[in-house]
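All ligand and atom numbering here is 1-based and tracks the order in the structure. Since this is a predicted model, take the numbers as computed values, not measurements.
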Amino acid sequence: MSEHDESPSIREYPGEGFVVTWEAVRCRHATECVRGLPTVFDRDRRPWISTDDATVDEVVAVIDRCPSYALGYRTEDGRVRTAPR
Ligand code: SF4
């Protein structure tokens with residue numbers, strides 16, 4: 001758990017130039033993420049998020065389509081997506 005976590009229920013998945021965050025209780029299984037980037041988001045794999053094979057822009061574009069805000073990110077160039085509180 002990193003010092004950046006605001007809630008212990010938000011998991012972090014570090015990538016090259018960005019961090020993906022995921023809050024399981026918000027996930028509504030709309031599968032936008034899995035359809036959008038199946039190499040990154042794979043519900044049959046553990047951990048189910050692997051940031052190795054995608055660019056920052058690819059990940060940001062797909063996470064922006066997550067309807068529940070379960071997925072978020074922080075990028076080194078200053079982009080942030082967090083759930084509304
Ligand atoms: S797009 Fe968001 S709500 Fe849908 S499965 Fe992925 S994380 Fe869950």
Around atom 6 (Fe) of ligand 1, number of protein N/O/S atoms which are nearer than 2.8 Å: 1
Within 45° cone and under 6.0 Å: Arg81 NZ/CZ vs Tyr69 ring: yes
Proximal ligand 1 atoms for Arg43, defined as those under 4.0 Å from one of its heavy atoms: 5 (S)
Asp57 and Thr55: side chain donor to acceptor below 3.5 Å: no
With a cut-off of 3.5 Å and sequence neighbours excluded, list every side-chain donor-acceptor pair involving residues 36-44.
unit_1: Asp42; atom_1: OD1; unit_2: Asp44; atom_2: N; d: 2.9
unit_1: Arg43; atom_1: NH1; unit_2: His29; atom_2: ND1; d: 2.9
unit_1: Arg43; atom_1: NH2; unit_2: His29; atom_2: ND1; d: 3.0

Over all atoms of both residues, closest heavy-atom pair of Val20 and Val59: CG2-CG1, 3.7 Å
Shortest non-hydrogen contact between Pro67 and Ala30, atoms and distance: CG-CB, 3.7 Å
Option among Ile49, Asp64, Thr21 that satisfies the side-chain contact (heavy atoms from CB on, under 4.5 Å) test with Leu71: Ile49
